[in-house]
Each structure stands twice: as C-alpha cells, then as structure tokens.
Protein chains: 2
Amino acid sequence: MATLKDVAALAGVSVKTVSNVVNGYAFVKPENRRRVEEALLTTGYRPNLGARNLRRGRTGFVALVLPELVVPYFAELAGLVLGAAQEHEWNVLIEQTLGTREGERDTLASLGPHMIDGAIVSPEALEARDFGELAPGIPVVMLGEHSVDLPIDHVGIDNVEAARVAVAHLVALGRTRIAAIGAHPHRGTAAQRLAGYRIALAEAGLPVHDELVATALNYHRRDGAEAMARLLAADSPPDAVFCFNDLLAVGAVRAAVERGVRVPSDMAVVGFDNTEEGAYSVPSLTTVAPDKAAIARAAVDLLRRRVEEPERPPEHVRTPFSLEIRESTRGGA
Amino acid sequence: MATLKDVAALAGVSVKTVSNVVNGYAFVKPENRRRVEEALLTTGYRPNLGARNLRRGRTGFVALVLPELVVPYFAELAGLVLGAAQEHEWNVLIEQTLGTREGERDTLASLGPHMIDGAIVSPEALEARDFGELAPGIPVVMLGEHSVDLPIDHVGIDNVEAARVAVAHLVALGRTRIAAIGAHPHRGTAAQRLAGYRIALAEAGLPVHDELVATALNYHRRDGAEAMARLLAADSPPDAVFCFNDLLAVGAVRAAVERGVRVPSDMAVVGFDNTEEGAYSVPSLTTVAPDKAAIARAAVDLLRRRVEEPERPPEHVRTPFSLEIRESTRGGA
DNA sequence: CGGGCGCTTTACAACGTTGTATCAACGATG
DNA sequence: CATCGTTGATACAACGTTGTAAAGCGCCCG
C-alpha cells in the first residue's frame, strides 16, 4: 500500500528522487540513495503497475490467444510462453477463443487498445487479416500457419515438409494404403499438412485415394476416434494413418483397438505435436516433434522486437522439428 | 486511441457527461445521451482500463496460481476458471509456480499489491499461511486441500471420502493386495487420499502393507511409471493400485504393460481427476471424477463475494465427485 | 414570489507514476 | 572572474478516468 509519496516522506526527499532510485537513475547522492533504499525496505514499497503503465503508455502485459487450454499442445505451449515472457518481465494474459471467430475478435477488441503491449496469436477460425481491422496498431505475432502475403510476424515449422517426412516414414515401413485424419476446410495448417501428405505419396508412386482422407472439424480425441471409425467401416480400410495432431491420433488408436485392429501391426499411426501424452500412451505414439520451446522463445522475442521497433519489416521464423519414432510404427506389418 | 476527451469534444458535452453515459448514469438528457452514443460509435471509444482501475482502485484482474499447465487437470481447470471469470468481467492472469515455494511467493509478491483484485490458488509446495504474510489484504480462494484452521476461503472435494470410495471399488473387485501411488511428505491432498485408502482397507479387513504405499514427489506420468516399476520389482507385487492422479495412473499403466503385466486382469488401476486423457487411454481409466466446472464456478463466485465483502467469515465449499468406472478395473481377475 | 427540491451538467481534484523543465551548487575552463 | 558543464534535486504537468461538490435550471409548494 505504500506509495512513492510515503517513501519520500520517510526518506526526507522528493517523490521524484525516490522514483529515480527505483528506476536506477545514476545521479543520486550516495547518502540519499542509501536513505531511500532503507525507506523502500521498511515500507515494503511495490510500484503500482497500473499507474506506471498509464504514465509510460506500456502495460507490461501480452495476450496469448489460443483456441483451448485443454488441448495439451496448447497447454504445453502456454507454459513455455509464460516462462519465456517472464524473462522479459512480461505478464501473460491467456485468452481462450474456443475456436470461434467471435471469441478471437472480442478478446482482442476489448483488451487490444489499452491493456496489452502485444499479442501472440495461435489462430484457428480467425483469418489473420482480421487483425488489421480489430487490433489496429497492436503488435501481433502469429503462430502456426501463415499466409506469406500478410505483413505480420510469424513463427512456425515447415508444415508441408514435416507432414511429408511423417508420411514418408509410413511409406518406408511398407504401408501402401495410408490415410490422413485432420483435413479441414478453413485451417491453413490442415491444408499444408495435407499437401505434405500428397507429396510423400507422389514421391512413393502411391495413388491418393480421396476416401482415405478424413475430415476432422475439431482436433480432439473424439474427432480422431470418429474418423478412424469411418475409415475402418469402408470397403478397403487403410493400413496406416497420419493424424494431424496427437489428440486425433490418440482417438484413432482407441477406435482401432476397440474394433480389434492392432496397432501397429494392422495399423501404423503417426501423430503430430509430440505431446507427453503420446509418449506414454499404449502403444506410444510416433509423432512429428516441433521444438515447442524454440517456438515460444521465438514468439516472445519477435514480439519484443516489434514492440521496440514497430516499423521493421515482418519476419517469418522457421523453427526446427524432428520425427519421433515410437511403438505405434515400430515392428508389425 | 480515442479518449473520453475526444468523444466529449465531438458530442459537444463535458468529459464527465460522456463518462456518465458510458457508466450508465441515469440522469442524462435523452438528446445528449443520443449525441454521446453516436460519438462513441464514430470514435470507436474503448475505455482505458489502466486509468479506470487506477481511479477506481480495482484492476479487473484475478490471478490463477497453479503448479503447471502441462498437467491436464490444471489445464482443464484453468480453462473453466477462464470461462467462469469472463462472466464476471474478470480477466485471468495465469501464473505457473512450477511447484517451488519461491515461485508461488514471488508471483504473489509482485502482482499482489496492485495488479490483481484477488487470487485463486492451487497450492502445492506453498503453505497456506504464507499468504497472510505475502499478500496481505488480498482476497484469496484456495483450491484443493485445506487446513480448516486457516481463515481462508476454500473449494474442494472430500478427498478422504473420494479415496475411500475408489479403494472400496477395488476391494469389491476382489483385489487384496491394493497399492497406492502418490504419497508425499508435504502435500495435504496426498495425506487425505492416503487416509481414505487406509480407511477403505480397514473397512474391508485388509492389512495395510507399508511396502505397497509408493511415494511420488511429482505427480507426472514419469513418477507413476517409476513407482509402478518399484512395486512390481518387490517380492509380492500388488494386484491393484490406486493412483492419486490420472497422470500417475497413466505412467503406472505404461510401466505395467512394458513388463507384461496386463491391465486390468493382472493389475486393476484407478486414477484421480477424470482427465480426458484417461478416458481415451488404452485401457481407459477408472477414476475419481471431481466436478471441475463446479469447482471453477465456486472458486470465482467465492472470490467475487470476498472482494465485495472482505470481512465475511471464510467459507469452505464442498463440491461433488463421482467414481467413473472404465476398462482399467472392468473384467479381469 | 421566494425557498427548496429534483434534474442535469460541469469544473475540479485525485488515483500513482514519470518526463520535462528548472534550479542550485560545484568545479573546471578560458 | 565570468562562463560553462556536470551533478543532484525538485516542482509541475500529464497519462485517462471517475467521485465530489457545486452550480444552473425549472418546477412545486408554502
């Protein structure tokens, strides 16, 4: 509850001098500095961030806008962003949009103008161009898919290549009817991963069967299970499946097992995201492993640089990934 | 970027009148109200929350302090708290303590004084009494375990009874060597669940074997796997295990399967938290299912009431739970 | 017709902080 | 000795908002 005024009174100096000490201003007489520091301790002074920000025009907050915390990938990412932001003395405001475009818009419209210095956005329903209208002047870093033509900073992996590598791995196992789960009409990442899937099949000289490409409107376990059920009900079911995230893969495995289809011998499964859940599931999940810590660090870093220098040209950061091979594609066939 | 001043100039009234319109003050001449509302729209005015809060002495932020977002239980809970807080027009600041007491202290010490109206805390290493010292005067609601003697609002389930029910279920299956995973020297919830475990065994006339109680210093999948490995390496391994959370259970199942122990026939497993992961794992996990939505709602509600009326006596809210029976205890033996 | 009351609006101050301008003291420089 | 630059401290204003007090207006009642 102590304010600068209280500290100043106790130390016998002006408010501004205390402020100077607090902010590390160099030219303060040692004697006064000592007295002020003592007074700071005895009063237990804590700056009022609201007031400071009002004056400085900065808030010290950044928003992390993502679809849902219950999706482990986002939970893990959020944890890492929290950590990375802490190093820059930023507080993170996590906002769930629940996948609706309105959610994403409202969030930015209400917080945008004054309460945040910038935002890290993992878009889902949102079209990136919405930001121009809704959060004018707010520094934004996008995660995941990006449209290169948009002048917005962006961090992500090469989704096309990652998907290609994943499917090539299935090809190398000798699988020939390789399905994909996760196609989506409006999601950029889905389009890219689908493209990588097609490239890998083409490289292997395998035909692309449209009935082996399963749509998933959400990327939850349930959607993966439903998609797998559909695939298995078809005339000639697949012998492998590439799922666009680990949750879909978990659901797919579950649905397969329930129908007596063995993983990996009857059905090899590859996921995407390398969530810890996949590493412990039975069987453990082969998956594309993006470097999440690198993504979080790069996003925070990019945002910091943009806040400091708003006019710099937008940057696109490619973070590395690897293919984590586990039981769901090991042995069998 | 528009301020009250801009809107006032445009509408031809004073700043305060605009403020009155914005805040729904009743006595504004209809004509003026109309003009102001029009000006609000054309300027796209958004209140500067920082300034408003500085003046009002409220911030509109609450902190949600929890150990780790990567633990699905906390991620799910955080999502629900976010939703519940939104209804009260609160923004939620999620803080990860990573289980260290310093983390929990620092967080509250820096945000406490000015930036938050209150905090919902899920303590782990933290001793509840720390709050008295570190966040003096900040309304706090505790989740999970509680010491009744502390004058702090609290929300949680009856851990003793929940554990008793879970273990009684294992007893009813005919298991006789029932282990527990998750004992912990400093965690209140661990003590309570252990107590419930002992009660259930006593009620069944089964002896408590100390070597069947496995400690877990963290509640991660890895710790569950390690604990199960230890239990299986012992002379006479258990035929069932009650894990103090779902992550431990997932790890335990994994470790069992790796050693050729079948779940549930050789080893029945019960978890705690009813995370979605457990529902989809293979085999799906029988688990104690707390009503997380109720917890989130009650916590936010309790906090709101305490903010409005700081002197009311502390309240302890018991939220309901159920036992969700799934494959990991079905059939077998 | 004057005093009081309800409606409506406004000026002002204040929340706690920091940037700017100013001022004073001092030693060094020409 | 006058001037200048450096060091150190301070008063003031301002960030955008809202509570308080007060004032103007019209109306009713005594």
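Residue numbers start from 1 in every chain, and the chains themselves are labelled A, B, ... in the order their sequence lines are given, proteins ahead of strands.
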Legend entry - Pairing residues for B:Arg33 by the salt bridge (charged side-chain N to carboxylate O under 4.0 Å, His left out) criterion, not counting sequence neighbours: none
Inset, instruction - In whole angstrom, give the distance that lies between atom NZ of A:Lys5 and atom P of C:dA13. - result: 15 Å
Legend entry - Whole-Å gap separating P (D:dC25) and NZ (B:Lys29): 11 Å
Legend entry - Interatomic distance, B:Arg58 CZ vs D:dT18 P [rounded to whole Å]: 14 Å
Legend entry - Any side-chain heavy-atom pair of A:Glu95 and B:Asn91 under 4.5 Å: yes
Inset, instruction - Specify the residues of residues 9-25 of chain A, ordered by number, for which at least one heavy atom lies under 4.0 angstrom from an atom of DNA chain C. - result: A:Val15, A:Lys16, A:Ser19, A:Asn23
Inset, instruction - Answer yes if the side chains of A:Glu276 and B:His220 hold a donor-acceptor pair under 3.5 Å, and no otherwise. - result: no
Legend entry - Distance, rounded to the nearest Å, where B:Asn53 contributes CG and D:dC15 contributes C1': 14 Å
Inset, instruction - Check if the side chain of B:Arg55 and the base of D:dT17 share a donor-acceptor pair of N or O atoms closer than 3.5 Å. - result: no
Inset, instruction - Would you check if the distance from the ring center of B:Phe61 to the ring center of A:Phe61 is below 6.0 Å? - result: yes
Legend entry - Below 4.0 Å: OP1/OP2 of D:dG16 and any side-chain N or O of B:Arg52: no
Legend entry - Spacing between B:Leu54 atom CG and D:dT18 atom C1', to the nearest angstrom: 10 Å
Legend entry - Beyond-backbone contact of A:Leu77 with A:Leu143, side-chain heavy atoms, under 4.5 angstrom: yes
Inset, instruction - In whole angstrom, give the distance that lies between atom CG of A:Leu4 and atom P of C:dC15. - result: 13 Å
For residues 8-17 of chain B, tabulate all N or O donor-acceptor pairs below 3.5 Å that involve a side-chain atom, not counting sequence neighbours.
{"unit_1": "B:Ser14", "atom_1": "OG", "unit_2": "B:Lys16", "atom_2": "N", "d": "3.3"}
{"unit_1": "B:Ser14", "atom_1": "OG", "unit_2": "B:Thr17", "atom_2": "N", "d": "3.2"}
{"unit_1": "B:Ser14", "atom_1": "OG", "unit_2": "B:Thr17", "atom_2": "OG1", "d": "3.2"}

Inset, instruction - Nearest-nucleotide wise, let me know which of B:Ala51 and B:Ala26 is further upstream toward the 5' end of DNA chain C. - result: B:Ala26
Legend entry - Nearest-angstrom distance from the residue atom CE of B:Met115 to P of C:dT17: 13 Å
Legend entry - Residues forming a side chain to side chain donor-acceptor pair (under 3.5 Å) with A:Arg56, sequence neighbours excluded: A:Asn23
Legend entry - Whole angstrom value for the distance that separates C1' of C:dT8 from CD of B:Glu31: 14 Å
Inset, instruction - Under the side chain to side chain contact (heavy atoms under 4.5 Å, CB included) rule, what do A:Gln96 and A:Leu69 come out as? Steps first, then yes or no, please. - result: CA-CA 7 Å; A:Gln96 284 190 113; A:Leu69 273 178; 3.9 Å; yes
Inset, instruction - Rounding to 10 degrees, work out the angle separating the end axes of the helix from C:dC1-D:dG30 to C:dG30-D:dC1 (five pairs an end). - result: 70°
Legend entry - All salt bridge (charged side-chain N to carboxylate O under 4.0 Å, His left out) counterparts of A:Arg297, not counting sequence neighbours: none
